[in-house]
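The basis for the numbers below is simple: all heavy atoms, side chains too, and nothing from hydrogens, waters or symmetry mates. Lettering follows sequence order; numbering is per chain, from 1.
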Protein chains: 2
Amino acid sequence: MRETGNAAIQAPAAKVAPATAGARPYHHGDLSRALVAAGRRILESEGPSALSLRAVAREAGVSPAAPYHHFKDKSELLDAVAEEGWHELGAAIATGRAAAANPRAALTEIGVAYVSFARKNPALYRLMYHAACDREMMPDHAKTQDSGWGHVAEALVEAGADPTNEREMQLAQIAAWCNAHGVAEMAGFKEFEPLKEAMGGEEAFVRGLLNHVGIFARPRALLD
Amino acid sequence: MRETGNAAIQAPAAKVAPATAGARPYHHGDLSRALVAAGRRILESEGPSALSLRAVAREAGVSPAAPYHHFKDKSELLDAVAEEGWHELGAAIATGRAAAANPRAALTEIGVAYVSFARKNPALYRLMYHAACDREMMPDHAKTQDSGWGHVAEALVEAGADPTNEREMQLAQIAAWCNAHGVAEMAGFKEFEPLKEAMGGEEAFVRGLLNHVGIFARPRALLD
DNA sequence: AGATCATCTTGACGCCGTTCACATAGGTGA
DNA sequence: TCACCTATGTGAACGGCGTCAAGATGATCT
């Protein structure tokens, strides 16, 4: 019939094609993945307004109706693109955290990595959050163990937070996310350019902002 | 020809109609305002996906092409709706600030008022920020003296910040905005419901978040 | 009154998301 | 081997969208 869940995983069903062979081995071979990739290419090169289902199908070289055999509708395709983004954001956060000199610095680096990802993939980031806000919840993926969400909690504990104080832990975790999200969406505003340059570049600006805003540098209710 | 700027101000041009007379005095009378109002009604009652130019025209009782005599294109109409939102947000912030017992509390109340407005008008708030992010800058309106932006700066100074430390002032102001924005967009997520209830309602939750996140409760680089 | 000009309508264009009937081709079991 | 089944593709069509050009309408100015 039709794939219902994650489009990136073909399940143990009948192996249909070598996935990345030359030209077009099967009917298409691996349309799901091709469509998601095409969607992301269009998003990056031509912006969100150009991201139509038909354009994605064109980019993948299939008819406008073909995607409907792999995704219920357009928003499900966009969800798959967004999911790829959440996955990469999680990886970026893990990398940032690992690069920190000490547990306390890890929190800061998580924030910087988060904002950095969002600033490097603005259209993708906005798509990710758009999807999340529409359903008024974080994507399931963001809550798995190895996600950004999980890393924040772990980093908080390693920095000395009391994991038994559940309420404060939750508040701090959410606050961190709000914090990073706010900075991520506003750091690109043009009126801040002069200040950015005066501070020696965007990263310094972002660090200043995160520091001012607090949680990444000093989660005081937990650590003070 | 065609109105170029603010659609809400009819300028000193020829008075065309009594503005709010019965039925339809002139060709329409005051289509600009009617269209903005219709747009907002649709946004609130049927959501952003239903907010098409044609639907707005229908709601206002005119043909699909009529709006083009008042707005360059759809996005200019949406900008006008958003501008109304920024105006109201500014007023809400002013009210919150005025209700505070002391200068320090004023900062907190500004944050609470901001988030409260966003939570009460989620679709409008998202439209407002969407427009801002698209052009990568705050709307001009948000930067005028009596806007939310201005109130934050004033409140910071009244709370004891040093207005001559320009860089820190700017950083704090931006941080406050990031802060409020992040909380505003995430406070509605469903996975936080249990915590919200445990804390005695959404306002307490928001205050906790703003407090954790820092700037509204303790802009330390400036005040400590 | 006649000219003028902003305003509104009609009709059209191309693009969109989506659906449906049909075509095609790999895999399966007789 | 071959008929069948199912997954996957195409083509044509629908209504809705944003937008524009040409024409109708009616208030205002001289």
Undergrad: Rounded off to whole Å, could you give me the CZ-to-C1' distance for the A:Phe71 and D:dG9 pair?
TA: 15 Å

Undergrad: Between B:Leu31 (CG) and C:dC8 (C1'), how many Å, whole number?
TA: 8 Å

Undergrad: From B:Tyr125 OH over to B:His181 NE2, what is the distance, rounded to the nearest 0.5 angstrom?
TA: 4.5 Å

Undergrad: Enter the distance from B:Leu127:CG to B:Leu51:CG here, rounded to the nearest 0.5 Å.
TA: 7.0 Å

Undergrad: Take atom NZ of A:Lys72 and atom C1' of C:dG17, then tell me their distance rounded to the nearest Å.
TA: 13 Å

Undergrad: Take the protein atom CG of B:Asp73 and the nucleotide atom P of D:dT19, then report the distance between them rounded to whole Å.
TA: 5 Å

Undergrad: Tell me the interatomic distance from A:Glu76, atom CD, to C:dG17, atom P, rounded to whole angstroms.
TA: 15 Å

Undergrad: Give me the atom names and distance for the closest heavy-atom approach of B:Val206 to B:Ala187.
TA: CG2-CB, 4.3 Å

Undergrad: Using a cut-off of under 3.5 Å, enumerate the N/O to N/O pairs linking the protein to nucleotides 13-16 of chain C.
TA:
| unit_1 | atom_1 | unit_2 | atom_2 | d |
| --- | --- | --- | --- | --- |
| C:dC16 | OP1 | A:Ser52 | OG | 3.0 |
| C:dC16 | OP2 | A:Arg58 | NH1 | 3.4 |

Undergrad: Spell out, as yes or no, whether a donor-acceptor pair under 3.5 Å connects the side chain of B:Arg167 to the backbone of A:Ala198.
TA: yes

Undergrad: Rounded to the nearest 0.5 Å, how far apart are OG1 of A:Thr108 and CG of A:Asn211?
TA: 7.5 Å

Undergrad: Where do N or O atoms of nucleotides 20-22 of chain C meet protein N or O atoms at under 3.5 Å, pair by pair?
TA:
none

Undergrad: List the residues meeting side-chain contact (heavy atoms from CB on, under 4.5 Å) with B:His87, not counting sequence neighbours, and say none if there are none.
TA: B:His141

Undergrad: B:His70 NE2 to C:dA6 C1': how many Å, rounded?
TA: 9 Å

Undergrad: Relative to the ring of A:Tyr129, is the ring of A:Trp86 parallel (under 30°), tilted (30 to 60°) or perpendicular (over 60°)?
TA: tilted

Undergrad: Out of A:Arg33, A:Arg40, A:Arg41, which residue meets the salt bridge (Lys or Arg N to Asp or Glu O under 4.0 Å) rule with A:Glu84?
TA: A:Arg40

